[in-house]
Amino acid sequence: MNAPLSPALASQTRLSGLAFAALAPEGLVADGSIEAAWLSEWRELVRLTPAEAWSAWSRTPPPEDASLHALATRHSLTRAEVLAIALASAAELDPMAARVLVWLQAPAGQARPTAGLVACMAAAMEMNGVAEATVEHLTALHSGAARSIGLIQFDDERALLAESAMRVPLPIVLALTGHAAAWPGVQLQMPASTALSASVKQGAQCHARAFAQGTRVLALRCAAAREGLACAQELAQALGRRAVILPWEVPAGVGIWLQLTGHIPVFRIELAPGEAREIAALPGYDGPILVVASLEGALSFSQLPVVHWHIPLPPAAERVGLWQEATGNARLAEQLGRQHRLSAWRIKELAQAGFHEAQLAGAESTSADSIASAARGGAAVDLGSLAQLLPERIPDEALVLPASLRTTMDQLAERCRARDGLADPLGVALRTRYRPGVRALLVGPSGTGKTLAAGWLATKLGLPLYRVDLASVTSKYIGETEKNLAQLFARAEHAEVMLLFDEADALFGKRTDVKDATDRFANNQTNYMLQRIECFDGIALLTSNSRARFDSAFSRRLDSIIDFPAPSPEDRRALWLAHLGNHHALSASQINQVAAICDLAGGHIRNATLAAAAAIPGPIEFAVLCSALAGEYRKLGRQLPAGL
C-alpha cells in the first residue's frame, strides 16, 4: 500500500478545511486505500466532529475562508450550499480532493460533489444530533440563493437530482482563494485610454461621487465608443476600481465574480431610434454598472432608474489647450480650437496624423493644411458603407461661379466658421434652443457645380467631405433606415465631418396622404429625417435639381438655400478656360463662339473636354472639340447647334 499523502502537502487549496472535516466523519472505514488514509489523517488534524467544525467555522472562520464566509452571510446561504461551494472548489484546485470524491462516490466516479453526497454531509452537521431530512438540503441546492446567483451550477440538468454533479465556475473559485482570473468572454484589457478634456474628467469625478449617493446604473451617451470607454475607465479609476467589458448576454455567475474581484462592469451597445433595451441583471453584484451607448434609443434596468450622461464636446478654450499640447503651436491651436468642434481623442489623433503628413511633404512643423490633409487621408473617419469619402482638395480656381454666387458661398463658409459661439452674445430666446449645426440646400440643374461647390467649401473649412450613399442608408426593413441615419449623424457630428446628400429629395421628399401602410412608414421616415437634421450639430449640404420636391416644413430647418443657375455665356467661357487649361489650340474667337452657342453646364463641358483630349494626342483642336460636343449633345437627345 502506498503511504498516505499528508493533507498539508497534498492540499493545494485554502478552502478544504471545512470540506474535509465534513468528509471525515466518525466511523470512517479504513479499507486500506490511500483515499481513506488521507481522510483519516484529516480527521486527526481537525479533531472536531462535522457538527462542531460547522459551528466553529460559522462563528470564527479561518482567514483563508473569509471570502466564502462573507458570501454565505451576505446571501444567507445554507449549510448545504456552503459545503457544496467548499467541496466543488477543493475539487477544482486539489488533485487529491478530486480523487477522494471519486472514491467516495463510487461506482458513479464523479470528481465533483453530487447533490446527494453534499445533502448527506450537511445533514450530519446538525448540532442536536438529529439529522435533518436530506430532501431539505437537496431543495436548498436546487432552488437556493447559491444557484440563483450562479455560485453553484449543475453539470447535467437532466440527471437525477441526488446524482447531479455540482461545480463552481473556475474564475469564482480562484477569486475565493484570492487569485485574479479572467472570465471567458469578459474583456479585461480595456482599449488604450484616450485623452479626455478637463471638463469631461470633472464630469466623471462628479458621477463617481454620485454612486456613493445611490446611483446604480450610468449610461454614457456618446457617438464614439472609444471616448465612452475612456470615460468609463476614468470613472472606475475615480472609484479605485478597474473596468471590464461584459458581453450583452451575461453568463451565470459573473455577478459574483465581479463582486469578489472588485471590477466594474461596462456594457457596449448601439441603439436605433425608438429601440429599447433592458440592461442585463447581475445577480450577486450590487456595485456601479456602466453602459457605453449611442445617442439614440432607450435603456432600462430592473425597474431602477438609469442615469444618462451625454458626454459633451470640450468648450473652445479647452480645445485650444488640447491642440496646443498636441502640436506645440499656440497660433495654430487658437485657429483650430476655435473653428473645429472636436473631442479630445480626435484632436490627438489628427495632431499625430497631421505631423506625419507634414513630414511626408517635407515641412518642418504641423500646419492647418497638413491636418486637413490627414483628416481626408490617413486619419479619415470610418463611416462604414454609409458614406463615401471625397478626398479631393478643390482650390478656388477650380470652382467657376458667377460673382454673386461666389459671394453667397463665401458667406456660407463664414457662417460655418462662426457656428460654435455664434449665439453667445445674442438674446436668451435665441440661445435657449441654439444648435451649432449648419444645413444648406444647393439647388440647380444637373452639372451646374453643386457637388464641386460642396468640395470647395469642405476644402475652405479644412473638413473631410463624405457623400452619403443612399443605397446603403435606405432599407426596406422597418426602422433600419432610421437606425443607419442615426449612426451616420452621430459619427459625423462627433468627428466633425461634412456630409453631402446628393439628390437629397430621395430622403427629404414631401409627405403624402396616408392611403396604406407603405405611405405611413414613408412619412414616418421623412418625419425622423426632418427632426434629426434639425438637431444635427455638424455641417450638412444637400443638393437637388428642384426645390419643389421637398416637404414644406423642410425650408424652416435650413440655414441657407442657394440657387445654382445655368451658366451665362460669360460663365461658360470661364468654365471652358478652366477645363481646357493650356492644352488646346483654340483661338480666343473660337472659345467665345463655343461659349456663346453651346448652352451647356459645367458637368457637360467637363465631359466634352475629356472626350476631345482622348481623341487625339497633343493640344485639343477646334474640329476635335466640335466632334466631342456633338457626342455630348447626342447624350442629351439634342442636336448640335448650328454654326459649329
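We count residues from 1, following the sequence as given. Every heavy atom of this structure was used, including side-chain atoms; hydrogens, water molecules and symmetry mates were not.
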Quiz item: So Trp309 and Ile311, side-chain contact (heavy atoms from CB on, under 4.5 Å) or not? Walk me through it.
Solution: CA-CA 6 Å; Trp309 178 26; Ile311 301 173; 4.2 Å; yes

Quiz item: Would Tyr466 and Leu488 count as a side-chain contact (heavy atoms from CB on, under 4.5 Å) if you check the C-alpha gap in whole Å, the side-chain angles of each, and the deciding distance to 0.1 Å?
Solution: CA-CA 10 Å; Tyr466 284 81; Leu488 176 66; over 6 Å; no

Exercise. Let me see the working for Leu271 and Arg221 under side-chain contact (heavy atoms from CB on, under 4.5 Å), right down to the final yes or no.
Key: CA-CA 11 Å; Leu271 298 171; Arg221 297 286 199 156; 4.2 Å; yes

Quiz item: Would Gln339 and Leu461 count as a side-chain contact (heavy atoms from CB on, under 4.5 Å) if you check the C-alpha gap in whole Å, the side-chain angles of each, and the deciding distance to 0.1 Å?
Solution: CA-CA 8 Å; Gln339 181 175 336; Leu461 299 175; 4.3 Å; yes

Quiz prompt | Trace of the salt bridge (charged side-chain N to carboxylate O under 4.0 Å, His left out) decision for Arg331 with Glu334 | solution = CA-CA 5 Å; Arg331 185 175 179 181; Glu334 184 71 22; over 6 Å; no

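When side chains are defined from C-beta on, Leu220 counts as touching Leu235, because their heavy atoms get closer than 4.5 Å. Using a 4.5 Å heavy-atom threshold, the side chains of Val244 and Leu246 count as touching. The shortest distance between side-chain heavy atoms of Phe211 and Ile264 does not fall below 4.5 Å. Residues Val217 and Leu304 are not in side-chain contact: their nearest non-hydrogen atoms beyond the backbone lie 4.5 Å or more apart. At least one side-chain heavy atom of Ile85 sits under 4.5 Å from a side-chain heavy atom of Leu77. Counting heavy atoms from C-beta on, the side chains of Glu92 and Leu174 never come closer than 4.5 Å. Within the 4.5 Å cutoff, side-chain heavy atoms of Cys231 are placed close to those of Leu196. A heavy-atom distance below 4.5 Å is found between the side chains of Arg74 and Asp286.
For Arg439 (side chain) and Ala540 (main-chain N/O), no donor-acceptor pair under 3.5 Å exists by modelled atom type. Here the side chain of Ser373 pairs no donor or acceptor atom with the backbone of Ser370 at under 3.5 angstrom. For the pair Asp559 (side chain) and Ala440 (backbone), a donor-acceptor distance under 3.5 Å is absent. Using modelled atom types, no side-chain atom of Arg112 and backbone atom of Ala88 make a donor-acceptor pair closer than 3.5 Å. Remark: the backbone N or O of Ser197 is not paired with any side-chain donor or acceptor of Glu318 at under 3.5 angstrom. Side chain of Arg147 to main chain of His142: a donor-acceptor pair is present (N/O by atom type, distance under 3.5 Å, no hydrogens or angles). Checked by atom type and distance alone, the side chain of Glu81 never pairs as donor or acceptor with a backbone atom of Leu151 at under 3.5 Å.
Separating the CZ atom in Arg415 from the CD1 atom in Ile539 is a distance of 9.5 Å, to the nearest 0.5 Å. For the atom pair Leu322 CG and Arg346 CZ, the distance stands at 14.5 Å (nearest 0.5 Å). Separating the CG atom in Leu389 from the CG atom in Leu465 is a distance of 8.0 Å, to the nearest 0.5 Å. Here the straight-line distance linking atom CD1 of Ile152 with atom CD1 of Ile256 works out to 11.0 Å at 0.5 Å rounding. Atoms CG and NZ, from Leu457 and Lys460 in turn, are 9.5 Å apart once rounded to the nearest 0.5 Å. Trp183 contributes atom CH2, which lies 13.0 Å from atom NE2 of His263 (distance to the nearest 0.5 angstrom).
The two residues Ala252 and Gln153 come nearest to each other via the heavy atoms O-NE2, 3.3 Å. Taking each heavy atom of Pro265 and Pro288 in turn, the nearest pair found is CD-O, 3.3 Å. Pairing each heavy atom of Leu176 with each of Ser89, the nearest pair is CD1-OG, 4.3 Å. The two atoms that bring Arg216 and Gly287 nearest to each other are NE-O, 2.7 Å, heavy atoms only. A pairwise comparison of heavy atoms in Phe154 and Ala115 identifies CE2-CB, 4.3 Å as the closest pair. Between Pro436 and Asp420 the shortest heavy-atom distance is CB-CA, 4.4 Å.
Around NE2 of His356, the count of heavy atoms belonging to other residues, nucleotides or ligands within 6.0 Å does not exceed 12. Atom OH of Tyr285 has more than 12 heavy atoms from other residues, nucleotides or ligands within 6.0 Å. Counting heavy-atom neighbours within 6.0 Å of Gln205 CD, excluding the residue itself, gives a total above 12. Glu157 CD: more than 12 foreign heavy atoms inside a 6.0 Å radius. Summarising the local packing, CZ of Arg376 is surrounded by more than 12 heavy atoms from other residues, nucleotides or ligands at distances under 6.0 Å.
A salt bridge is absent between Arg319 and Glu496; no separation between the charged side-chain nitrogens and carboxylate oxygens falls under 4.0 Å. Under a 4.0 Å N-O distance rule, the pair Glu227/Lys348 does not qualify as a salt bridge.
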